[in-house]
Amino acid sequence: VLLRVLDDAGEVVLPSQFLEVADSMGMGGEVDSWIIDNALRQLAEMQRRGKDTTFYIKVSADTIADAELAFWIDAKLAEYQLQRENVVFEMTETAVVDDVSGAAAFVTAMHSLQCKVALEHYGCSSQPQLLKRLPVDILKVNGNLISGLSSNHENQIRVKAIVELARNLDMQCVAEHVEETGDLALLWQFGVQYVQGNFVQIPSKELDYNFEGDITGEESSLFANGIY
């Protein structure tokens, strides 16, 4: 789930331009709550239409640290009668490093609600021991390591190591920001299970893309990007 805001002139404002301001004003948690509520409502509608869709919902450091939020999320999941395994909350590696204990508690709380947790942008820091303290379900490889992967031998070594680490810890692995055919081919060779990026589909307000027939051979999976 990607968030966009329109300014007074109707121009799109990217998260990098307004989320930092919201966080500095102590409003990060409020923004997250609005996103979570609207995303769960939309997911419930898709499930009622028979769509087997999973939403990945980003959460800020404020949300991760909010010990009471799990009760509110539980109530929302019950209100919308959602299949909970189709709800994945995403934490950034940067936010986690700043509060590992809080992040571990958040993972435990979400698992108690039967939701999943993903760690995104992984690979920013050299802390493989981080994953041993965070039993997340999904590991998303930092897009900076993926871009131009086919021509960057050093990043190939790092990505292969991350994929192997995820496999050993029984975590699903997602490659972010996949833009090139050559990068995609390498990622399949490395054992990456899912890919996300404009190579698959550019962000859209409608999640109506049909991926069937786009990938042949062994079963593979793609992510579509939805915008609010």
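- F106 and F89 have perpendicular rings, their planes meeting at more than 60° on a 0 to 90° scale where under 30° would count as parallel.
- Note that the CG atom of L134 and the CG atom of L139 stand 10.5 Å from one another [nearest 0.5 Å].
- Without hydrogens or angle criteria, E85 side chain to Q114 main chain gives no donor-acceptor distance under 3.5 Å.
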Given the rule in the side chain to side chain contact (heavy atoms under 4.5 Å, CB included) test, do L119 and I138 qualify, once you have shown the distances and angles that lead to the verdict?
CA-CA 6 Å; L119 182 62; I138 300 152; over 6 Å; no

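- Closest approach of A175 and L187 over heavy atoms only: CB-CD1, 3.6 Å.
- Residues Q156 and F190 meet the side-chain proximity criterion, which asks for heavy atoms closer than 4.5 Å.
- Atoms CD and CG, on Q189 and L184 in that order, are 10.0 Å from each other to the nearest 0.5 Å.
- Looking only at side-chain heavy atoms (C-beta outward), V163 and R167 come within less than 4.5 Å of each other.
- Pairs of residues two or more places apart, or lying in two chains, never qualify as salt bridge (charged side-chain N to carboxylate O under 4.0 Å, His left out) while including a residue from residues 181-200.
- Evaluated for a side-chain hydrogen bond (donor to acceptor under 3.5 Å, both in side chains) with S60, the options T92, D32, D66 yield exactly one hit, D32.
- We find the CZ-CD distance between R48 and Q81 to be 8.0 Å, quoted to the nearest 0.5 Å.
- Heavy-atom neighbours of N168 CG from other residues, nucleotides or ligands within 6.0 Å: above the threshold of 12.
- Of all the heavy atoms in L149 and L145, the pair that sits closest is CD1-O, 3.4 Å.
- With hydrogens and angles ignored, the 3.5 Å screen pairs a side-chain donor or acceptor of S151 with a backbone N or O of G148.
- Transitive grouping of hydrophobic side chains (ILVMFWY, heavy atoms separated by less than 4.5 Å) keeps I36 and F71 in distinct clusters.
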Working for side chain to side chain contact (heavy atoms under 4.5 Å, CB included), residues D137 and M171:
CA-CA 5 Å; D137 306 281; M171 298 174 181; over 6 Å; no

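- Taken together through direct or relayed side-chain contacts under 4.5 Å among Ile, Leu, Val, Met, Phe, Trp and Tyr, Y80 and W34 form part of one hydrophobic cluster.
- If you take CD1 on I35 and CG on L40, they are separated by 11.5 Å, rounding to the nearest 0.5 Å.
- Surrounding NZ of K76 are more than 12 heavy atoms belonging to other residues, nucleotides or ligands, all under 6.0 Å away.
- Remark: side-chain polar atoms of N86 are paired, donor with acceptor, to backbone N or O of T53 under 3.5 angstrom.
- Contact detail for A103 and I64: the closest heavy-atom pair is CA-CG2, 3.6 Å.
- Between E180 and S147 there is no side-chain heavy-atom pair separated by less than 4.5 Å.
- Taken from CD in E93 to CG in L131, the straight-line distance is 8.0 Å, to the nearest 0.5 Å.
- Across S33 and L69, no two heavy atoms sit closer than the pair OG-CD1, 4.3 Å.
- Of the possible donor and acceptor atoms, one in the side chain of E176 sits under 3.5 Å from a partner among the backbone N and O of H121.
- Heavy-atom neighbours of Q47 CD from other residues, nucleotides or ligands within 6.0 Å: above the threshold of 12.
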Can V141 and C173 be said to form a side chain to side chain contact (heavy atoms under 4.5 Å, CB included), step by step?
CA-CA 7 Å; V141 185; C173 194; 3.8 Å; yes

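- Checked by atom type, the side-chain pair Q196/K140 shows a donor-acceptor distance below 3.5 Å.
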Taking it one step at a time, do I162 and Y122 satisfy side chain to side chain contact (heavy atoms under 4.5 Å, CB included)?
CA-CA 8 Å; I162 292 172; Y122 184 77; 3.8 Å; yes

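- The closest donor-acceptor contact from the side chain of D74 to the backbone of A70 lies at 3.5 Å or more, if one exists at all.
- Here the closest heavy-atom approach between residue T54 and residue Y56 is recorded as CG2-CE1, 3.7 Å.
- Residue M91 is grouped with residue L169 when hydrophobic side chains (ILVMFWY) are merged at heavy-atom distances under 4.5 angstrom, including chains of intermediate members.
- The shortest distance between side-chain heavy atoms of L77 and C115 falls below 4.5 Å.
- Contact detail for P135 and H111: the closest heavy-atom pair is O-CE1, 3.1 Å.
- Residues V107 and V97 are members of one and the same hydrophobic cluster, defined by side-chain heavy-atom contacts under 4.5 angstrom among Ile, Leu, Val, Met, Phe, Trp and Tyr.
- Judged purely by atom type and a 3.5 angstrom limit, E120 has no side-chain atom pairing as donor or acceptor with the backbone of E90.
- The CG atom of L165 sits 10.0 Å away from atom CG of L130, with the distance rounded to the nearest 0.5 Å.
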May I have the step-by-step check of salt bridge (charged side-chain N to carboxylate O under 4.0 Å, His left out) for R49 and E45, ending in yes or no?
CA-CA 6 Å; R49 299 203 308 264; E45 177 59 31; 3.8 Å; yes

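- Side-chain N or O atoms of R158 include one that pairs as donor or acceptor with a backbone N or O of G123 at under 3.5 Å.
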